[in-house]
Amino acid sequence: MVDLTQLNPRQREAAKYVDGPLLVLAGAGSGKTSVITRKIAYLIDACGIKPHHIAAVTFTNKAAREMKERVAALTGKGGARGLTVSTFHNLGLNIIRQELATAGYKAGFSILDQDDCRGIIRDVMQREHGDDGDMVELVQNTISNLKNDLITPADAIHQAQSQQEMLIAQTYSIYQRMLKAYNAVDFDDLIMVPTLLFRDHPEVLVRWQKKIRYLLVDEYQDTNTSQYEMVKLLVGHRTGLTVVGDDDQSIYAWRGARPENLSLLKQDFPTLKIVKLEQNYRSTGLILNAANRVIDNNPHEFQKRLWSDMGYGDPIRILKCRNDEIEAERIASEIVERRLRYGAGYKDFAVLYRGNHQSRMMEMKLQAFQVPYKISGGQSFFGRNEIKDIMGYLRLLINPSDDAAFLRIINTPRREIGPTTIEKLSEYAMKRGTSMLSATTEMGLEQLLTPKAVDRLRRFGHWLAGITRNAYADDAIAAIKEMLEDIDYEGHLAQSSATPNQAERRMKNVWFLVDSIQKMIDKAEEVGDEVTIEDAVGKLILRDMLEQQENEDESDQVQLMTLHASKGLEYPHVYIVGMEEELMPHRNAIEADTIEEERRLMYVGITRAKRSLTLTYAGKRRQYGDVSDTTHSRFLDELPPDDIEWEGKTETTPEQQKQRGQETLAGLKNLFGDL
DNA sequence: TCTTGGTCCTTTTTT
DNA sequence: AGGACCAAGA
């Protein structure tokens with residue numbers, strides 16, 4: 001039986017309340033994951049709900065994985081078998097897979113990432129409006145927003161108020177048709193398609209309502225309209241809903257999140273019960289106080305006051321550095337020193353920043369100090385050309401209609417198939433209503449193309465068909481390896497890379513990708529599941545499972561990540577760097593007047609720290625190629641001055657700096673003797 | 001078709 | 001500073 005005695009009274013109340021819809025307002029570090037996981041165990045053990053009737057939805061793969069592990073630990077081996085814990089996008093993917101026909105897709109459909117989508121939109125706009133590409137990003141964002149708001153192309157055309165809106169709506173409409181033709185969905189479709197399916201097909205909805213009898217949603221403040229609609233439809237008039245959220249940690253409004261969904265719950269579920277978790281188990285008093293003070297500058301729908309009984313702890317430090325290089329150096333050297341002083345591991349330190357590009361300098365300096373580090377997130381891996389290429393091949397293996405993938409790889413590595421050939425092929429395919437891949441082996445091409453070109457296309461088509469057969473017939477991994485051999489991808493990298501070193505690194509990435517798929521298949525076999533290539537590629541695109549591998553080698557490394565990526569995580573020692581106006585808060589946020597969201601981001605960053613928090617800024621920063629003066633962030637002035645050690649606010653003389661250095665050295669000698 | 005060199009633009013955050 | 005994109009030449 002579940003043990004709820006480790007929970008505090010509020011937490012226990014939240015875990016045990018199953019008689020109606022429940023909103024848990026969980027402040028940072030208030031143990032909400034404990035509540036969710038124990039509640040799941042309670043539902044299984046005490047309420048007799050079968051695990052396969054329970055679904056917990058999160059926003060990141062990391063959170064989903066952690067939750068799964070913790071539930072497994074509570075319920076014992078197999079006790080949670082059949083339980084669904086996944087991201088919204090993953091859940092959506094599964095729904096579409098199981099409702100393929102109704103949803104209007106074919107097996108093996110592709111999931112396109114933003115780059116792929118942008119390419120399609122660019123083509124559409126080019127073709128339809130002769131647009132030069134300046135509008136593409138705007139249009140892409142707008143389409144994404146429309147989808148997040150559950151607005152279909154027809155709705156959009158109907159609603160359009162201006163010429164520009166009409167243009168976007170039409171582009172949206174064509175774009176959506178092209179996706180269908182490619183048998184592909186984008187990220188937003190993973191939410192919108194299932195939701196529309198539920199809305200328009202009652203029999204489908206009933207099926208899923210029968211399956212999911214209890215729904216738990218984490219980070220509710222991050223849901224968008226479409227996601228909320230899905231939740232409402234799934235729950236219907238029943239009582240099985242628990243949502244957990246914190247309006248102060250809403251940092252995804254820019255991608256369509258509606259923090260007001262928290263307050264909408266009260267209207268949509270009149271019997272809603274609200275439980276607040278206000279005790280923080282993570283941070284020292286001074287850190288928490290600082291966080292509270294900062295967030296006090298924002299308006300609040302739900303009042304809450306976080307408190308902690310962990311003692312006051314060390315003051316928060318603000319370090320002014322001469323420039324960004326010195327800033328990074330300072331942090332790197334401090335980590336070296338503090339690791340010894342506190343007997344801490346590298347993994348106890350996190351360096352947080354606003355934008356991914358800020359990791360560069362930090363990386364350089366950590367290397368210089370021989371500090372092991374890990375950068376998480378960033379587009380780094382999937383943004384790489386070699387990965388996009390191979391993913392293109394994989395997508396084409398499982399979805400021959402994926403013209404976007406076809407276009408990416410048809411001439412990579414070089415097959416002497418140029419723009420003219422591709423253009424003609426595309427026209428032909430369009431006329432015949434087939435995909436470009438299947439058009440390559442059709443007879444009608446002779447009329448349009450030179451025999452040479454026809455031959456090259458045909459060879460490609462037949463070759464890929466062969467690989468596909470192998471991939472499905474027996475060992476998929478072997479087929480993929482064979483494919484890499486056939487196209488001599490290594491050779492391609494060797495001659496397209498600047499240095500042999502770079503080529504080697506790229507090839508390593510490719511192998512990493514292949515290994516990931518391999519591992520995934522192996523792992524599933526262990527548990528007795530079967531993983532198709534479709535599953536594997538889907539997971540890859542949704543960024544699932546990569547971190548898993550990273551986590552497996554629980555290595556001792558300093559963690560580098562964006563403030564966004566840090567949500568939900570905690571570290572004993574946290575550095576937040578680049579605390580400057582125009583950087584944090586970001587210039588665009590200042591211009592767009594979304595300071596409140598930036599402040600929440602600051603709040604998220606501060607509340608990651610358990611024991612020590614250090615904020616740094618640089619007086620001069622190298623940016624866009626040249627050096628500019630900076631102003632320290634307004635958020636620094638919002639911190640409680642009495643709890644702050646602000647070094648460098650008033651100019652320190654070189655003597656003072658020297659003295660500080662000697663004090664540090666003396667401290668080290670005290671601790672470790674003369675080295 | 002491929003390579004080269006020049007220009008211009010960038011840097012917000014992610015499933 | 002670094003990368004993407006494009007025009008012109010081999």
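The model shown is predicted, which means the values in this text are computed figures rather than measured ones. Only this structure's heavy atoms are used, side chains among them; waters, hydrogens and symmetry mates stay out. Protein chains get the first letters and strands the later ones, always in sequence-line order, with residue 1 at the start of each.
Within the structure, a side-chain polar atom (N or O) of N356(A) is placed less than 4.0 Å from OP1 or OP2 of dT13(B). Side-chain nitrogen and oxygen atoms of R414(A) include at least one within less than 4.0 Å of the OP1 or OP2 phosphate oxygen of dC2(B). When the side-chain nitrogen and oxygen atoms of T60(A) are compared with OP1 and OP2 of dT14(B), none of them lie within a distance under 4.0 Å.
Using a 5.5 Å limit on the distance between ring centres and a 30° limit on the angle between planes, the aromatic ring of F88(A) does not count as stacked on the six-membered base ring of dT15(B).
Of the listed nucleotides (dT11(B), dT15(B), dT13(B)), dT15(B) has the atom at the smallest distance from the side chain of T87(A). Looking at the side chain of R622(A), the nearest of the listed nucleotides dT11(B), dT14(B), dA1(C) is dA1(C). Picking from dT14(B), dT11(B), dT15(B) the nucleotide with the shortest atom distance to the side chain of N588(A) gives dT11(B). Distance from the side chain of H89(A) is smallest to dT15(B) among dT14(B), dT15(B), dT11(B). In this structure, the nucleotide among dT15(B), dA1(C), dC2(B) sitting nearest to the side chain of N411(A) is dC2(B).
Using a distance-only test at 3.5 Å, with no hydrogens or angles considered, no donor-acceptor pair links the side chain of E99(A) to the main chain of R97(A). No donor-acceptor distance shorter than 3.5 angstrom exists from the side chain of D189(A) to the backbone of M192(A), with no hydrogens or angles considered.
Between the CD1 atom of I590(A) and the P atom of dT13(B) there is a distance of 16 Å, rounded to whole Å. The distance from atom CG of L583(A) to atom P of dT13(B) is 11 Å, rounded to the nearest whole Å. Rounded to whole Å, atom C1' of dG2(C) lies 14 Å from atom CG of D626(A). For the pair Q623(A) CD and dT10(B) C1', the computed distance is 11 Å after rounding to whole Å. Straight-line distance from the CG atom of D115(A) to the P atom of dT14(B): 14 Å, rounded to whole Å. Atom CZ of R118(A) is separated from atom P of dA4(C) by 12 Å (rounded to the nearest Å). Distance CZ (R360(A)) to P (dG3(C)): 6 Å, rounded to an integer number of Å. One atom, CG of L190(A), and another, P of dT15(B), lie 13 Å apart when rounded to the nearest Å.
Within the 4.0 angstrom heavy-atom criterion, base atoms lie near F187(A). Nucleic acid contact for G625(A): base, since at least one base atom lies under 4.0 Å from a heavy atom of the residue. Heavy atoms of L91(A) sit nowhere under 4.0 angstrom from any nucleic acid atom.
Ion pairing between R608(A) and E570(A) fails under the 4.0 Å rule for side-chain N and carboxylate O.
Toward the 5' end of DNA chain B, the nearer of the two residues H564(A) and T420(A), judged by each one's closest nucleotide, is T420(A).
With hydrogens and angles left out, the side-chain atoms of E327(A) and T616(A) include a donor and acceptor closer than 3.5 Å.
Here the closest non-hydrogen pair linking L563(A) and S566(A) is O-OG, 2.7 Å.
Side-chain N/O atoms of Q114(A) and base N/O atoms of dT15(B) include a donor-acceptor pair closer than 3.5 Å.
Taking the six-membered ring for Trp, H89(A) and F59(A) have ring centres at least 6.0 Å apart.
Comparing dT11(B) with dC6(C), their C1' atoms sit 23 Å apart, to the nearest whole Å.
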